[in-house]
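By convention in this document, chain letters (A, B, ...) are assigned in the order of the sequence lines, proteins followed by strands, and residues within each chain are numbered from 1.
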Amino acid sequence: MNDPLDNLLDARLRDETPYIDDAGFTARVMKQLPHRRASWSTQRAFIIFAATILSVVIAYFASGQGMFVHDAFARVSGLRPLQLLLLIFACGTGMTIAGLWAALARTRDTTL
Amino acid sequence: MELTDADLLARVIVDGDQHAFGELVRRHQSPVRGLLRQLVRADVELADDLAQETFIRAYRNIRSFRGEAKFSTWLYRIAYNVFRENARKRKELVGIDENQLQAEVDPQTTDPGLRHDLMNALANLPLHERTAVTLCCQNGLSHDEAARLLDIPLGTVKTNVLRGREKLKKMLAAWAT
């Protein structure tokens with residue numbers, strides 16, 4: 001049984017919660033937040049890029065100025081078709097697994 | 001398309017996006033400030049100071065938000081904790097019996113001429129009843145959510161809501177006549 005006074009009280013309690021204008025409140029909060037550091041994803045991208053460039057430079061000079069690329073092409077061109085197919089399949093599978101792992105790791109980061 | 005609270009939270013947590021946090025503050029500032037105004041009995045300046053502290057604390061601890069409850073419920077919990085810490089500092093009579101609390105009430109609020117003011121009536125309730133009624137009847141929390149937020153048994157919340165409402169109904173009945 002609905003008590004009319006209960007309904008009146010509920011209505012009055014809901015009505016008595018007017019919206020409070022922001023009136024600069026959010027700005028005051030934002031001023032007090034700690035200074036924003038560079039986001040970790042930006043730092044991470046920079047570190048990976050720098051490490052890649054450094055690795056390429058080291059590999060270039062350590063391998064007799066890129067001769068390893070010539071050697072690699074020579075070896076690959078000497079493979080039989082089945083061996084070449086298996087190599088391509090293994091590389092593709094490895095990249096797919098790495099990509100899936102990265103995507104799942106990112107999903108874990110953003111799941112609340 | 002407006003971003004949901006979850007989208008904004010993801011941006012704050014993953015990218016440290018303070019603009020996203022600002023949008024969250026804009027969305028939730030009114031109910032948080034309203035809750036604190038009820039708790040501190042309409043001391044607007046104090047309520048806003050506590051509300052600022054609430055959001056700053058929320059930003060610092062944003063990674064501890066697990067998404068098990070609504071973001072607003074999590075904010076209310078922080079707000080309530082901030083209020084309690086401040087009350088202890090100001091030697092507020094928290095959780096004390098009704099007689100002592102009534103002794104603290106400004107005589108002006110008991111003026112029969114103001115009986116029709118529901119907010120004054122709410123301010124006259126003991127803290128535990130006022131908190132329960134505000135959270136459940138004004139802020140729309142379930143009894144279960146309020147119990148977890150206040151860290152008290154569910155039965156206690158229900159009792160506080162019931163008693164608070166009974167007292168308010170008595171005042172309303174008097175106004176209605």
Side-chain angles (χ1 to χ4, degrees), chain A residues 1-52 95-112, chain B residues 5-7 9-11 13-19 21-27 29-35 37-38 44 47-49 51-56 58-60 62 65-68 71 117-119 121-122 133-134 136-140 165-166 168-173 175-176:
Chain A
M1 186 177 67
N2 268 345
D3 180 354
L5 207 48
D6 264 320
N7 295 336
L8 175 65
L9 178 62
D10 283 334
R12 289 297 301 276
L13 283 170
R14 280 193 301 271
D15 290 345
E16 293 286 345
T17 48
Y19 177 76
I20 301 173
D21 279 339
D22 190 281
F25 176 83
T26 299
R28 290 194 291 279
V29 170
M30 298 308 287
K31 268 190 203 159
Q32 294 184 57
L33 291 184
H35 288 298
R36 186 173 172 267
R37 291 167 295 184
S39 72
W40 170 235
S41 60
T42 308
Q43 289 174 338
R44 188 166 52 188
F46 179 75
I47 290 168
I48 289 171
F49 180 72
T52 303
M95 284 175 65
T96 303
I97 290 169
L100 270 173
W101 175 81
L104 288 170
R106 181 84 175 168
T107 306
R108 275 197 298 274
D109 280 347
T110 56
T111 299
L112 298 171
Chain B
D5 280 1
D7 295 332
L9 280 163
R11 288 185 181 197
I13 291 171
V14 176
D15 298 327
D17 186 346
Q18 289 195 346
H19 292 296
F21 187 76
E23 179 56 29
L24 287 168
V25 175
R26 257 183 292 276
R27 286 185 189 181
Q29 56 86 23
S30 178
V32 169
R33 289 161 78 191
L35 169 65
R37 285 181 187 188
Q38 291 292 354
V44 173
D48 280 2
D49 286 343
Q52 281 187 37
E53 175 62 26
T54 297
F55 283 107
I56 290 164
Y59 181 79
R60 289 203 180 112
I62 199 86
F65 177 66
R66 296 275 172 250
E68 290 150 354
F71 181 63
D117 190 336
L118 182 59
M119 287 302 101
L122 203 49
V133 169
T134 302
C136 296
C137 303
Q138 289 192 308
N139 291 77
R165 286 175 63 92
E166 285 306 312
L168 292 176
K169 273 162 63 177
K170 277 184 194 158
M171 292 175 205
L172 266 183
W175 303 330

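With sequence neighbours excluded, the residues satisfying salt bridge (charged side-chain N to carboxylate O under 4.0 Å, His left out) with B/R165 are A/D6, A/D10. By the side chain to side chain donor-acceptor pair (under 3.5 Å) test, B/S30 is found to be paired with no residue, residues two or more places apart in sequence or in another chain being considered.
Surrounding CZ of B/R11 are at most 12 heavy atoms belonging to other residues, nucleotides or ligands under 6.0 Å away. The number of heavy-atom neighbours closer than 6.0 Å to CZ of A/F49, taken from other residues, nucleotides and ligands shown, is 12 or below.
In terms of heavy atoms, A/M30 sits closest to B/G22 at SD-CA, 3.6 Å. What you find for A/T26 and B/R26 is that their closest heavy atoms are OG1-CG, 3.5 Å. Taking all atoms of both residues into account, the shortest heavy-atom contact from A/F25 to B/D48 is CE1-O, 3.7 Å.
Here the CG-CD distance, from A/D21 to B/Q29, works out to 8.0 Å after rounding to the nearest 0.5 Å.
A donor-acceptor pair is defined here as one N or O able to donate and one able to accept, closer than 3.5 Å; no such pair exists between the side chain of A/R28 and the backbone of B/D49. Under the 3.5 Å distance criterion, the side-chain polar atoms of A/Q32 are left unmatched by any main-chain donor or acceptor of B/E53.
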